[in-house]
Amino acid sequence: MRKTPVLCVVGPTASGKTALSLRLAHALGGEIVNMDSMQVYRRMDIGTAKPTLAEREHIPHHLLDIVEPTEPFSVAQYAQLAEQTIQAIYARGVLPILTGGTGFYLKALTDGLSLGGVPSDPALRATLNAQASTPEGKKALYAHLQAVDAASAARLHINDVQRVSRALEVYLLSGVPLSAQKSEAPPERPFVFRLLATTLERPRLYARADARVDAMLAHGLLEEVRTLLDSGVPAQAQAMQGIGYKELVPVVYGHTALEQAVDTLKKNTRHYAKRQWTWFRAVEGAEWLDMEHPESLSRALRLGETFWEEQKP
RNA sequence: GCCUUGGUAGCUCAGUCGGUAGAGCAGGAGACUGAAAAUCUCCGUGUCGGUGGUUCAAUUCCGCCCCAAGGCA
């Protein structure tokens with residue numbers, strides 16, 4: 001059976017993914033599928049560096065603005081939606097272009113992750129997190145996982161409460177250890193991926209990230225955060241943990257000076273870019289492009305074109 | 001000019017009752033199976049301001065000098 005081609009544009013934040021994806025979509029007649037864990041939320045436009053309405057006018061974008069900021073969202077939901085969306089685009093004879101910096105979402109698509117099989121249970125999670133709030137509780141939590149799923153426990157660090165809790169959650173809800181579900185052979189995928197990874201020299205990337213934060217503030221990021229809070233989005237909401245939001249919430253509440261929050265925001269952005277870099281560096285088969293190099297754009301277009309020519313229905 | 005307190009890692013500082021030093025942050029490397037812009041792990045040699053002296057040994061004690069902040073004139 002013929003596989004669905006997916007051209008992917010990945011890379012650290014502020015390295016030029018959006019611009020490149022628009023050029024590719026324009027040149028190849030493609031449509032863009034968002035692969036950013038924060039751009040899925042409605043009314044979070046400035047802080048997530050969502051493509052503008054003008055940019056979306058001529059090129060169809062998918063999986064933007066699909067979740068209310070009050071709602072949780074997960075990689076499993078994303079993977080399901082993305083697969084459907086990608087298949088629907090290709091069914092019309094159009095190239096899907098997957099764009100975004102969320103490496104975990106990419107992996108879920110490329111590797112067909114089983115993801116534990118059970119959705120998260122907010123109440124159980126709250127209980128487990130409460131238990132982990134003391135050093136003794138954390139030890140007990142880890143010991144519990146060791147007892148029911150030794151393989152997962154061995155893989156995880158005791159301090160990684162989020163993953164320890166999730167592994168325990170899977171067992172408590174399904175009766176099957178997470179590690180047992182994972183050991184199956186990786187499934188055959190109905191997609192063929194081509195990865196373009198954007199990057200810049202590190203000092204340049206950090207400078208661009210800083211400048212972009214300043215631009216976001218100039219475009220009203222603080223107001224965006226205030227509006228979200230005013231409309232009833234709780235500060236604890238998953239969406240509000242995004243960079244640019246979590247730092248400005250205390251400013252809106254008057255607990256923190258703007259200047260200090262902006263420093264933290266820039267720092268967190270740099271840390272994030274670095275983590276993304278680490279993730280995508282480990283992904284095999286990615287074609288790396290320095291977006292300040294004069295020939296990178298034409299090279300990217302050539303690679304995209306070749307890929308599409310080979311895979312076109 | 002005098003007095004006081006400082007001058008230790010890129011930054012903020014701790015410390016050595018004399019045996020050449022260590023935290024946080026920054027920075028770097030990495031992990032990642034339903035929170036992933038989340039969560040977690042690992043990585044610390046630097047003329048201890050300069051220069052003389054005392055000492056087996058000084059970043060540590062003493063003298064002088066330089067720099068900074070505060071105070072008194």
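Letters go in sequence order (proteins before strands), and every chain restarts at 1.
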Suppose you measure atom [atom1] in [N] against the same atom in [M]; what distance do you get, rounded to whole Å?
N     : M     : atom1 : result
B:G22 : B:C17 : P     : 14 Å
B:G15 : B:A9  : C1'   : 14 Å
B:C61 : B:C42 : P     : 36 Å
B:C3  : B:C56 : P     : 33 Å
B:A21 : B:C64 : P     : 29 Å
B:G49 : B:G6  : C1'   : 11 Å
B:G53 : B:C67 : C1'   : 23 Å
B:U39 : B:U33 : C1'   : 14 Å

Shortest side-chain distance from [X], nucleotide among [options]:
X      : options             : answer
A:M38  : B:A35, B:C40, B:A37 : B:A37
A:W279 : B:A38, B:A36, B:G27 : B:A36
A:N129 : B:C32, B:U41, B:A35 : B:A35
A:H271 : B:U39, B:U41, B:A26 : B:A26
A:P119 : B:G28, B:G30, B:G34 : B:G34

Once you measure the plane-to-plane angle for A:Y105 and A:Y78, does it fall in the parallel (<30°), tilted (30-60°) or perpendicular (>60°) bin? parallel

Heavy atoms only, 4.0 Å cut-off, all strands: where does [X] land among base, sugar-phosphate and nothing?
X      : value
A:G47  : base
A:T102 : sugar-phosphate
A:V170 : nothing
A:R166 : base
A:T48  : base
A:S120 : sugar-phosphate
A:Y206 : sugar-phosphate
A:F73  : sugar-phosphate
A:N268 : nothing
A:G103 : nothing

Write down the distance between [atom1] ([X]) and [atom2] ([N]), rounded to a whole number of angstrom.
X      : N     : atom1 : atom2 : value
A:Y171 : B:G34 : OH    : P     : 18 Å
A:W277 : B:G27 : CH2   : P     : 13 Å
A:Y41  : B:A37 : OH    : C1'   : 11 Å
A:K246 : B:A37 : NZ    : C1'   : 7 Å
A:R275 : B:A31 : CZ    : P     : 14 Å
A:Q162 : B:A38 : CD    : C1'   : 5 Å
A:R163 : B:A38 : CZ    : C1'   : 8 Å
A:Q238 : B:A37 : CD    : C1'   : 11 Å

Does the side chain to side chain donor-acceptor pair (under 3.5 Å) test come out yes or no for A:Q241 and A:Y245, once each step is laid out? CA-CA 6 Å; A:Q241 305 320 307; A:Y245 298 89; over 6 Å; no

Suppose we define a pair by two distances each less than 3.5 Å, Watson-Crick or G-U wobble; what does [N] pair with here?
N     : result
B:G10 : B:C25
B:A69 : B:U4
B:A58 : none
B:U39 : B:A31
B:C64 : B:G50
B:G44 : none

Heavy-atom count check: over 12 atoms from other residues, nucleotides or ligands less than 6.0 Å from A:E292 CD? yes

A:Q39 vs A:A282, nearer the 5' end of RNA chain B by closest nucleotide: A:A282

Quick check: on RNA chain B, is the nucleotide nearest A:K267 upstream (toward 5') of the one nearest A:L115, or the reverse? Name the residue that is more 5'. A:K267

Please state whether the phosphate of [N], meaning OP1 or OP2, lies under 4.0 angstrom from any side-chain nitrogen or oxygen of [X].
X      : N     : answer
A:Y105 : B:A36 : yes
A:R281 : B:C32 : no
A:K107 : B:C32 : no
A:N159 : B:U41 : yes
A:R202 : B:G28 : yes

Can A:K50 and A:D65 be counted as an ion pair, charged N to O under 4.0 angstrom? yes

Is it true that A:E247 and A:K267 make a salt bridge, defined as a side-chain N closer than 4.0 Å to a carboxylate O? no

Please test A:F307 against A:L95 for side-chain contact (heavy atoms from CB on, under 4.5 Å), starting from the C-alpha separation and ending with a verdict. CA-CA 10 Å; A:F307 177 67; A:L95 172 69; 4.3 Å; yes

Looking at A:D160 and B:A31, is any side-chain donor or acceptor paired with a base atom of the opposite kind under 3.5 Å? no

Think A:R202 forms a cation-pi with A:W277, using NZ or CZ under 6.0 Å from the six-ring centre and within 45 degrees of its axis? yes

Looking at A:I97 and A:G30, what are the two nearest heavy atoms and their distance? CD1-CA, 4.2 Å

When rounded to the nearest 0.5 angstrom, what is the spacing between NE2 in A:H144 and OG in A:S165? 11.5 Å

